[in-house]
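This one's a predicted model, so the numbers in the text were calculated from it and none came from an experiment. We number each residue from 1, following the sequence as shown. Note that ligands are numbered from 1 as they come in the structure, with each ligand's atoms numbered from 1 the same way.
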Amino acid sequence: MSQKEHHTFQAEIQRVLDIVIHSLYTEREIFLRELVSNAADALEKLRFLQTSGQTLHQPELPLEITVVADSAAGTLTLTDTGIGMTRDELVENLGTIAHSGSKAFLQKLAEAKEKPAVNLIGQFGVGFYSAFMVATQVEVFTRSHQPDGEGWHWVSDGAGGYDIEPGEALPRGTRIVLHLKDDAKEFAENWQLEQTLKRYSSFVPFPIKVSDKVLNTVQALWARSKSEIKEEEYKEFYEFIGHDPEPPLARLHFNADAPLAIQALLFVPARNLENMGLGKSESEVNLHCRKVLIQSKAKGLFPDWLRFLKGVVDSEDLPLNISRETMQDSALLGKLNRVLTGRFLKFLAELSEKDAAVYEKIYATHSRFLKEGTITDYEHREALSKLLRFESTFTAAGQTTTLAEYVKRMKEGQKEIYHIHAAHRAAAAASPYLEGPRELGYEVLFSFEPVDEFVFEHLREFDGKPLKPAEKADLKIERAAEGALSDDAARDLAAFVKETLGARVNQVRASQRLVGSPAVVIDSDEMVTSSMRRLMKAMKREDGPEAEPGKLDLELNPGHTVVVGLDRLRRTDAVLAATVAEHLFDSARLSAGVLDEPQVLLRRMNELLERVVAKAP
Ligand code: ADP
Ligand code: MG
């Protein structure tokens, strides 16, 4: 009497199978990940029973997974010593059960017309069926852990149901034999097999053996408790996942339970490849679910500006949520993203207090990313602004300050935070725009990278204090210089200079911000600084400095000897006075870095020098 029973698959499962068999061809190798993760689950369950003191069949068997490829026979066999299945469990788990996920999976496939989401198959609780992507026939030999269990044999070609019959006497656990399709025979080659297993299953917490060799030797450190991990292990782990021989600058290892279950181990690399001109980096944080790789270099896990991070994020919530909701994976990812980003920013803030030297190193290497975040990420702008560092007129060269420290030092009556852009510290310090703040005892932040100005522009304020380019500062120095022009005289002189310069200048007026310089130019556009003009010009924008000459205001220092002298000169020698006025304008533009043709200035200077030397007796 044959004890073979024929069963049909539940309708939904048959549909999943039809799709798996007939239309999924990309990323086929993930079947291996799914079968290994099922084996690992079965071993995990067995370990749990063991620790809870249950009587088990063959308690002495080591907990492990063995994979054997037989290229001659074209088969691949995966064996585990896990809990195994009884006959009823076989029927239920591999053929009938209303796997809640199968419906969601079908829906997801229907939605994704272009590229079926094969990679996600395991997250819908239908991972087992991915075996049919590569096999014409799948056999399952299994024996339950229960002491009175028996061996069972399940076989199916994926269409027309499956057969179950009592099997030979089997050791505890499950053996799955795949009869590979002709075009999938490569999986019976050891190198292909090992490569795929290493890629997806390196952190499975049970040994995976191929030809007696254990493939997964690096542990899933992120899932272990920090206190029992040695530095050496972190180092080895980073080398393995980061492909980086240089030790990282810092690491963040944390667990969270709410709002999502997350285990993460993140590293800040020692090098910034973008700074080295290697193009835009790609995030190297891998997403795992219970130690099994879901996506390497996972997209969307962090905001773009955190793309310098390397590491692992593991979330148990991933599959549950994904199969339960009708595929709001982007919403879930957004949630993960928010939690992870918030946590990492908090980590940096704490590090900057606890270990300033390490933070400075991170900042020196990766500040570009933090600045990019300040500009582009409204949600995290405030947290990021606290991480920014700048040199200033109050710091020693090479030393930096935070914005909060700046605010603490602000003078009474000072309402704004000032900053100035220059190529380097000496150039910034020599700027005429600093004369006013210096006179009033106000600190000015230095920015040496063009991106800084955009950072300030987007930040707009810190701690309620507006951020302002020093050249836009509306500062009045009360102390009048001796022999300075009267307000009326200054106004008349300004009119003369405006007439001389014509349309090249927008407005000429007396300045209240200058001490040592005779003149300064100010962009009449409230939003544009001279360095931005320079940048626009460098980017060959139409509205560069020379393209819009009338955009500049010229301010004259009524207390400066040259300006006072110019006022006298225009009454006796209007032609020479006009030349001096031109020269003041060009020098001010040169100082602001927005003079296009210094040759004109030099020619005029020579003319003036000729007149000076002609005075010699
Ligand atoms: P999931 O793993 O998400 O539950 P699968 O389709 O991968 O979905 O597997 C279906 C079920 O089959 C599992 O839940 C498990 O009960 C059973 N199963 C699969 N492989 C094994 C195995 N190697 N040992 C024991 N049970 C298994
Ligand atoms: Mg599974």
Side-chain angles (χ1 to χ4, degrees), residues 7 9-10 12-17 19-20 24 30-49 56-58 61 63-67 76-106 108 118-133 135 138-146 149 151-156 158 162 164 167 170-178 200-201 204 206 208 288-294 316-324:
H7 295 251
F9 287 113
Q10 181 211 24
E12 259 169 17
I13 296 216
Q14 187 58 57
R15 275 176 58 209
V16 169
L17 275 167
I19 290 167
V20 162
L24 297 181
I30 62 107
F31 81 91
L32 208 49
R33 173 187 78 185
E34 295 306 324
L35 297 183
V36 168
S37 84
N38 283 349
D41 287 348
L43 288 161
E44 199 84 69
K45 288 174 192 160
L46 189 97
R47 186 150 67 185
F48 177 78
L49 295 176
L56 304 170
H57 183 60
Q58 295 180 307
L61 280 184
L63 303 186
E64 63 186 21
I65 300 164
T66 314
V67 186
L76 191 62
T77 304
L78 285 98
T79 309
D80 67 70
T81 51
I83 54 167
M85 285 176 270
T86 62
R87 181 198 160 281
D88 290 349
E89 285 166 343
L90 260 180
V91 172
E92 176 137 311
N93 297 340
L94 300 185
T96 58
I97 192 167
H99 268 318
S100 64
S102 55
K103 204 177 240 162
F105 180 66
L106 288 167
K108 175 74 181 166
V118 58
N119 190 31
L120 296 175
I121 191 165
Q123 297 171 34
F124 294 89
V126 288
F128 172 78
Y129 305 106
S130 64
F132 289 96
M133 290 197 291
V138 176
E139 290 184 273
V140 179
F141 299 87
T142 186
R143 193 225 185 265
S144 164
H145 63 282
Q146 293 166 13
W152 290 95
H153 178 214
W154 180 103
V155 61
S156 173
Y162 56 92
I164 291 186
L170 294 168
R172 184 194 73 218
T174 302
R175 186 169 90 229
I176 297 182
V177 182
L178 307 182
Y200 289 105
S201 309
V204 165
F206 299 96
I208 302 175
H288 289 244
C289 172
R290 295 192 294 128
K291 299 179 187 168
V292 176
L293 181 72
I294 301 298
E316 292 185 21
D317 288 336
L318 216 47
L320 287 179
N321 276 315
I322 282 182
S323 54
R324 232 179 265 144

Checklist entry - What atoms in ligand 1 come closer than 4.0 Å to a heavy atom of Leu94? => result 12 (O)

Checklist entry - Which ligand 1 atoms does Ala42 reach within 4.0 Å, using its non-hydrogen atoms? => result 24 (N), 25 (C)

Checklist entry - Testing Glu92, Met85, Arg87 for side chain to side chain contact (heavy atoms under 4.5 Å, CB included) with Glu89, which one passes? => result Met85

Checklist outcome for this item: Between Leu35 and the options Val67, Leu78, Val138, Asp80, the side chain to side chain contact (heavy atoms under 4.5 Å, CB included) test singles out Leu78

Item to check | Contact summary for Leu293 and Arg33, nearest pair of heavy atoms | outcome: O-NH1, 2.8 Å

Checklist outcome for this item: When every non-hydrogen atom of Val20 is compared with those of Ser130, the smallest separation belongs to CG1-CA, 4.2 Å

Item to check | Whether Met85 lies under 4.0 Å from ligand 1, heavy atom | outcome: yes

Next on the checklist: So does Thr81 get a backbone contact from the side chain of Arg172, meaning a donor-acceptor N/O pair under 3.5 Å?
Outcome noted: yes

Next on the checklist: Strictly under 2.8 Å, is the Mg ion (ligand 2) approached by any N, O or S atom of Asn38?
Outcome noted: yes

Checklist entry - Between Val36 and Tyr200, is a side-chain contact (heavy atoms from CB on, under 4.5 Å) present by the stated rule, with each step listed? => result CA-CA 9 Å; Val36 168; Tyr200 289 105; over 6 Å; no

Next on the checklist: Between Arg47 and Glu44, is the salt bridge (charged side-chain N to carboxylate O under 4.0 Å, His left out) condition met? List the steps.
Outcome noted: CA-CA 5 Å; Arg47 186 150 67 185; Glu44 199 84 69; 3.2 Å; yes

Item to check | Contact partition for Thr142 relative to ligand 1, non-hydrogen atoms under 4.0 Å | outcome: neither

Could an N or O of ligand 1 be found under 3.5 Å from any N or O of [X], whether backbone or side chain?
{"X": "Asn38", "value": "yes"}
{"X": "Tyr129", "value": "no"}
{"X": "Lys45", "value": "no"}

Next on the checklist: Measuring from atom 16 (O) of ligand 1, which candidate in Leu90, Asn93, Asp80, Ile176 has the nearest non-hydrogen atom?
Outcome noted: Asn93

